[in-house]
Amino acid sequence: MGTALIYDEEMTKYKLLWVDPACKIEVPERLTVSHGALVRNGLTDRCICLPVREAVDAEILLVHSEEYLEAVKQTPHMTLEDLKEFTLQYGDVYFHPNIYHCAKLAVGSALQLVDSVLMGKVKNGMALVRPPGHHSMRSAANGFCVFNNVAIAAQYAKQKYGVKRILIVDWDIHHGQGVQYCFEDDPSVLYFSWHRYEHQKFWPNLKDSDYDIVGKGEGAGFNINVPWNKVGMENSDYLSVFCHVLLPIAYEFCPDLVLVCAGFDSAIGDLEGEMCATPDIFAHLTYLLMNLAEGKLCAVLEGGYNLTSLAQSVCQTVQTLLGDPLPPLTNLTGPCRSTLESLQCVRAAHRQHWSCLRHAVDLPTFEISTIRIKSSGEENKDEAEVWEEQKSPEEKIWPEPPKRVSPRVCSAVVLPDGVVCPDACERLSSSEDLGPHLLTLKKDFLKDADDSAVTALSRVFSLIDKMKNNEIRNGLALVGDAAMTMTCVVQHVAAEVDSRVFLVCVGNGNIPGHIIEDGKTLVVQISGEDTEEQGSKYYVPVCLKKGCTDTSGFAQAMFSLLLPLGYQHNPSLVLLVRMPGSGVCDIMWQQLTALLQSFAQGHTLVLLQEDDKACVGPTASILLGNPAPPLGQLPASLKEDAEAVERLRSRLQADWNLLLATGESTK
Ligand SMILES: CC(O)(O)CCCCCNCCCN
Ligand SMILES: [Zn+2]
């Protein structure tokens, strides 16, 4: 199934007809440069382009009042003076003879997208629309918005398809108060928004946008506000909020549909947001949401006023929806203090509503500042970088997002004879001669191994070499001895100069100490074994009371440990090993396999032991880019497990700042 793209140039045919400094940034070119960039990058050809349609009254009335709709209906016939007069009753928005038509097309586009996803015609999609929607309220236009496109889409999905739970993620830099008001007492719609706030000093200056506004009545807990009280937030800040707030709660909520208020004024260069996150961050934010709701994700454009970063961010988002490998995120320094303050406040406010936060350690609050948490070696930022930070936003410069090339082959497999190769995978059966390094390895490691083990290892090494050359994206091997193969692989890869391995080992098994000595391999082992081993900076033993069968504990370790560590380690290869008898359930295993593709441009090597042959199919499905099935609504994890994860975090966060979620200052 493909990715839908909905766009029509009719929505460019309205603009500001008078002087209004607050509205002059909302220009038709926002749509033309976004669509133009998609065309130029060959992305429109790869999408399923769906036609727009006008929303009908009944659809608009799902959210708005009749009197408001009737009033907006009069605007096409208004004179310029009448339009100005009409506009005065609302805030930071303008009307135009054609805006009602475009607003109906914007809603209709969102509904077309929801239809195509929920009818299973496409996997996911994006609608490029204007006017935006998330500020408009039941009886009021606001903040360039006339009808609330995404709020209507959510009500439409519930009414027409009986969707039970909908997650709305609003990564626009402004608070979508219109969406919040629409669903604040509705537990079937979880609304998440981050937004520039500066302690209510930033537009729309609402107390309702603060972290302690969590929803009302039945809806308590289903509204999450993350205020940015400082500007200059970076990729690390955005990822921290996803890892420590949004993803744990979203997985617990287990939505059937994900809608994104995709505003890109939260990207670097935008004068509204004045943030510093780069366009490629949206590739990751999109991906991290794609394993919810079995990938049913509809992104609808909201804001974004720097035409360069807007176009790049839109392309990054669509490329991820299409399944392209994710770009590496470099120099993630960890969240700034102000972000930690916000994180801690939001987690505290929601602790009573979400069991994933029940055992969250919250410390006394502390003064706000954006002093960046320095991880070791960050102290002496060179002059240029410091100067860079002090430049005013409009002069911000940032590198073009890296090219994201999909290898010719997605998944290659090494399987013993007699094991069927999963559809769409390529079997590596070349019986190439044993390379010289193998003969030495045979001497060092495999001296008493039989030839089939040596042959398998030689094929695993060629999988790795093909990943290194980007000939294949990922690989899977079913081997006789997973632990031994794992050790040889780490040894083989670590020998290369700029390689970094992220080894994720599921289940019990001994990790030889020497593989973590060089600092190039970061090991996370999730098992039920209570190793007295305290671990080190590069060896993170997560032991779950009930072992890997405990989905909640496993999920918590995945979001609050694995993701932050993986992002900060920024590996060139992910090695995922399923030890025999791990007890991990297939769906959890698939979710983990999917999430790890955030790193190393998707270069994941999965090692399974022969008696786990039944996992080959489900694992291959994820490696091929299919979404992981839902885990179901997650119960609370065991207190001991949550405390164990917290202990690990507090031990490791001095070295790995992305682990920070509360206010500890690093040493
Ligand atoms: C969709 C959206 O959230 O991007 C709309 C933002 C409206 C901003 C109104 N204030 C503008 C002040 C101009 N400096
Ligand atoms: Zn915005």
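Note that this is a predicted model, so its numbers are computed, not measured. Just follow the structure's listing: the first ligand is 1, and inside any ligand the first atom is 1.
Taking distance alone, with nitrogen or oxygen atoms compared against 3.5 Å, E302 stays at or beyond that limit from ligand 1. Taking only nitrogen or oxygen atoms, main chain and side chain alike, D172 reaches within less than 3.5 Å of ligand 1.
For the pair R130 and Y14, the cation-pi criterion (under 6.0 Å, within 45° of the ring axis) is fulfilled.
At least one heavy atom of A22 sits less than 4.0 Å from an atom of ligand 1.
Using a 4.0 Å cut-off between heavy atoms, E26 makes no contact with ligand 1 at all. Contacts between I173 and ligand 1, counted as non-hydrogen atom pairs separated by less than 4.0 Å, are absent for every part of the residue.
Summarising the contacts of atom 1 (C) of ligand 1 with R30, Q177, H134, H175, the nearest heavy atom is found in H134. Residue nearest to atom 6 (C) of ligand 1, selected from H195, R130, H174: H174 (by heavy-atom distance).
The Zn ion (ligand 2) has D172 among its coordinating residues (N/O/S atom, backbone or side chain, under 2.8 Å). When distances to the Zn ion (ligand 2) are checked against a cut-off of 2.8 Å, E302 contributes no N, O or S atom below that limit.
Between E274 and R196 there is a salt bridge, with a side-chain nitrogen of the basic residue lying less than 4.0 Å from a carboxylate oxygen of the acidic one. Between R53 and D8 there is no salt bridge, since no side-chain N of the basic residue sits under 4.0 Å from a carboxylate O of the acidic one. Contact check on R404 versus D280 returns no salt bridge, with no Lys/Arg side-chain nitrogen under 4.0 Å from an Asp/Glu carboxylate oxygen. No salt bridge links K230 with D237; every basic N to acidic carboxylate O contact stays at or beyond 4.0 Å.
Between F264 and F282, the ring planes lie perpendicular to each other; the angle is over 60°, past the 30° to 60° tilted range. Between Y90 and F95, the two ring planes are tilted [angle within 30° to 60°]. In this pair, H175 and Y191 present their aromatic rings tilted. The plane angle is within the 30 to 60° band.
Results of the side chain to side chain contact (heavy atoms under 4.5 Å, CB included) test with Q177 over E184, H135, H195 single out H135 as the only residue that passes.
Counting heavy-atom neighbours within 6.0 Å of E10 CD, excluding the residue itself, gives a total above 12. Summarising the local packing, CD of E9 is surrounded by 12 or fewer heavy atoms from other residues, nucleotides or ligands at distances under 6.0 Å.
Against a heavy-atom cut-off of under 4.0 Å, D265 is close to the following atoms of ligand 1: 4 (O). For ligand 1 and H135, the ligand atoms under 4.0 Å from any heavy atom of the residue are 2 (C), 3 (O), 5 (C), 6 (C). With ligand atoms numbered from 1 in the order given, ligand 1 contributes 1 (C), 4 (O) to contacts under 4.0 Å with heavy atoms of G303. Close contacts of ligand 1 with P132, meaning ligand atoms under 4.0 Å from a residue heavy atom, involve 1 (C).
Vertex the Zn ion (ligand 2); arms to D265 atom OD2 and H174 atom ND1; angle 100° (nearest 10°).
The nearest heavy-atom contact from the protein to atom 10 (N) of ligand 1 is D92 OD2, 2.8 Å. In terms of protein heavy-atom proximity, atom 12 (C) of ligand 1 is nearest to E272 OE2, 3.7 Å. Nearest non-hydrogen protein atom to atom 2 (C) of ligand 1 is Y305 OH, 3.2 Å.
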